[in-house]
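These notes are about the structure you will find just below.
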Number of protein chains: 2
Amino acid sequence: MTAADGGLGIVATQRAVLTENGPLVLASGAKLPHVEVAYETYGALNPARDNAVVVCHALTGDAHAAGWHEGARRPGWWDNLIGPGKALDTDRFFVIASNLLGGCSGTTGPSSLDPVTGRPYGPDFPLLDIADFVTAQRGLLDHLGVERLHAAVGGSLGGMQVLEWALQEPDRIDRAVVVAASARLTPENIAFSSVARAAILEDPDFHGGRYADHGVTPRHGMKIARMMAHITYVSEVSLEEKFGHRRDTAGSDKRLDADFEVEHYLQHQGTSFLERFDALSYLHLTRPMDYFDPFGAHPDVVPSTRFRLISFDTDWRFPTAHSLRIRDELAARGVAVEHTELASPWGHDSFLLQPPGYHEAIRSFLD
Amino acid sequence: MTAADGGLGIVATQRAVLTENGPLVLASGAKLPHVEVAYETYGALNPARDNAVVVCHALTGDAHAAGWHEGARRPGWWDNLIGPGKALDTDRFFVIASNLLGGCSGTTGPSSLDPVTGRPYGPDFPLLDIADFVTAQRGLLDHLGVERLHAAVGGSLGGMQVLEWALQEPDRIDRAVVVAASARLTPENIAFSSVARAAILEDPDFHGGRYADHGVTPRHGMKIARMMAHITYVSEVSLEEKFGHRRDTAGSDKRLDADFEVEHYLQHQGTSFLERFDALSYLHLTRPMDYFDPFGAHPDVVPSTRFRLISFDTDWRFPTAHSLRIRDELAARGVAVEHTELASPWGHDSFLLQPPGYHEAIRSFLD
């Protein structure tokens, strides 16, 4: 659980203030007067300053992408990918991971104090675009003195940020790895996300976003939102293999509440989510995906970046068709892009796991 | 809107008491001392008494399958199938439709008065099996003096009842039409249903099922449950065609709550459901599907019934694989069974609509 496992050992989250020279201006025109970003780095910036890799997290990730926090029971969320000798090799690369703007794990978000009022932003936090997530990451790079990026890497919402990165900064990034992502959500994608948000927004304990003032959280809505969303992250075949039709109480009476193993699993997913996530952050980080239209927002940009797109055959949240749309749009602009669909039983969540060929595809591309 | 449309004209729901000679005994052994069933009939029983067809409704259907109620704005839920000259031709057949046991549209269910206590059953209503839905329908047939069935017809949960009918009464039914149904839910099916139920069960206004005593209903949970379930009833392609990426307020500010057309559509689905359905009935009618295992419950039964199974290529709630499993099990028992997969853009809901070849497949089979 330390460096003895050949990994990064103990790491710590740091913070940077991005607004020392003025407010952060959002794509909407709104301004945030004080923005802090939680981040971690792994490996070292080389003298040529050309080995930095930005890792972008997905919806419920955070800055702790790899290594171990003191006393933690599990490593960072992408520790299988990032470390000495791993596909994202920290002996070679300077890896930068940060918590998203609007999040709830150290970076300024709706639960942060509004310096104007002295109380949490709550419902007054401005709506964000995925472009704003990237703007905050650019601010962090300035803070760290990093100009060029060897690569930007991310899956799901993280992959959407990578795409936005390359269109916002067409000459700054050598390589982009976009995994299980989308450049335009389908109405079905929006529908699932919308019902999850409605579960939170319409929970009586949401109090119009002022739940903190009432000393409550919209627990019911948050739990249901997470349970439902989780179904879309996994595949039918993985649920079948993991749980089948088994009941926890086989032989005992049937019941209306959780009985089948898959139900207990979802209950656990929903309940444990309550400990670690803020309701308004959930709303503010999901909603920008619905509006995301990077090719429409950057109609004439031709990035010099080379792209590797990866999708998974059992991913029904962002199936391969989404990656093909990105590929076709980039190729039409003359951008160097290649796409690989990998076989994996784990659905959308595959981007966090190690299906055959996945890490190798990233490693070879970063070389 | 009356007989002038060539349909059945005005029809009315009737009621039958099934417990005049004793309680209704459920598959679990529990007994219901007083059971009423709401039903409608269309056409006439012929002198040979061999032209009766039972129509089984899906989760949120009712006894009003066809024709018009006085002053109604729309006809019964399967009016496109049932009527003079239609695929289920009421000039030839005596069609019987009834509301499910446990329902909330005229048949005894959790919101009915428990004759023992004089107040609504609420959480004391016994858990049902799909076998019990059929038991109640058999009681109605006795009441109507109908012995043989020319056919039993149903889609989704209705199709599951048809399968149970044929296994419970292997020599009573000539033909069975099982549309978009399943003989064993997948863990993904159970997962969606479980989250919908959790939304209701864990709504603070559910009050352990005693919400009627508190003068409330678990509206929040019911609405979210319905919105989520509705996504699984439609197809990605139909949502794309119907709504695309269009916003109601295109050009105006982005927002966290409903903005895209697909979101307003789901909001409407959820809200209108509150007017017509009871929360405990929703729990009691969905849960038996999870436990449904008709071939396991009737291991040695070989129905004399001929089966036509129909599935739809865009149905991802009960895809064709479910129908093939039913086909293989019946065929292994030597039962006459044929299966057709039809092309339809509308997903699971196709069974209520008229994709090409669908009604013809039913009409020809009933001839």
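Source: prediction; values computed, not measured. Every chain is numbered from 1, with letters handed out A, B, ... down the list of sequences. Note: hydrogens, waters and symmetry copies are ignored here, and every other heavy atom, side chains too, is used.
- Considering every non-hydrogen atom in both S235(A) and E188(B), the closest pair reads C-OE1, 4.5 Å.
- The structure places OG of S194(B) at 13.0 Å from OH of Y265(A), a figure rounded to the nearest 0.5 Å.
- Residues M228(A) and M227(B) form no side-chain contact, since every pair of their non-hydrogen atoms from C-beta on lies 4.5 Å or further apart.
- From E202(B), atom CD reaches atom OG1 of T271(A) across 7.0 Å, with rounding to the nearest 0.5 Å.
- The main-chain N or O of A258(A) is never found under 3.5 Å from a side-chain atom of R197(B) such that the two would form a donor-acceptor pair.
- For chain B, no part of N189(A) is nearby; none of its heavy atoms comes within less than 4.5 Å.
- Neither the backbone nor the side chain of D293(B) has a heavy atom closer than 4.5 Å to any heavy atom of chain A.
- The distance from atom CG of L201(B) to atom CZ of R255(A), rounded to the nearest 0.5 Å, is 10.0 Å.
- With a 4.5 angstrom heavy-atom cutoff, A225(B) does not touch chain A via any of its atoms.
- In this structure, the side chain of H284(A) does not engage the main chain of L256(B) through any donor-acceptor pair within 3.5 Å.
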CA sep, side-chain torsions, deciding dist, call: L239(A), T186(B), side chain to side chain contact (heavy atoms under 4.5 Å, CB included)
CA-CA 8 Å; L239(A) 289 175; T186(B) 64; over 6 Å; no

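- Within the 4.5 Å cutoff, the side chain of E236(A) has no heavy atoms near those of the W316(B) side chain.
- The residue among V234(A), D257(A), D290(A) with the most heavy atom pairs within less than 4.5 Å of chain B is D290(A).
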Let me see the working for K254(A) and R287(B) under side chain to side chain contact (heavy atoms under 4.5 Å, CB included), right down to the final yes or no.
CA-CA 9 Å; K254(A) 299 172 181 177; R287(B) 191 51 152 168; over 6 Å; no

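- Side-chain atoms of H245(A) do not come within 3.5 Å of backbone N or O of Y291(B) as any donor-acceptor pair.
- For K242(A), no part sits under 4.5 Å from any heavy atom of chain B, backbone or side chain.
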Worked check of side chain to side chain contact (heavy atoms under 4.5 Å, CB included) between V195(B) and I231(A):
CA-CA 9 Å; V195(B) 177; I231(A) 303 174; 3.9 Å; yes

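- A pairwise comparison of heavy atoms in G244(A) and P187(B) identifies O-CG, 3.4 Å as the closest pair.
- At least one donor-acceptor pair under 3.5 Å links the side chain of H220(B) to the backbone N or O of A199(A).
- Looking at D129(A), only its side chain comes within 4.5 Å of chain B, counting heavy atoms on both sides.
- Contact annotation for Q267(A): only side-chain heavy atoms (C-beta onward) come within less than 4.5 Å of a heavy atom of chain B.
- In terms of heavy-atom pairs under 4.5 Å with chain A, the best-connected choice from T286(B), D203(B), D205(B) is D203(B).
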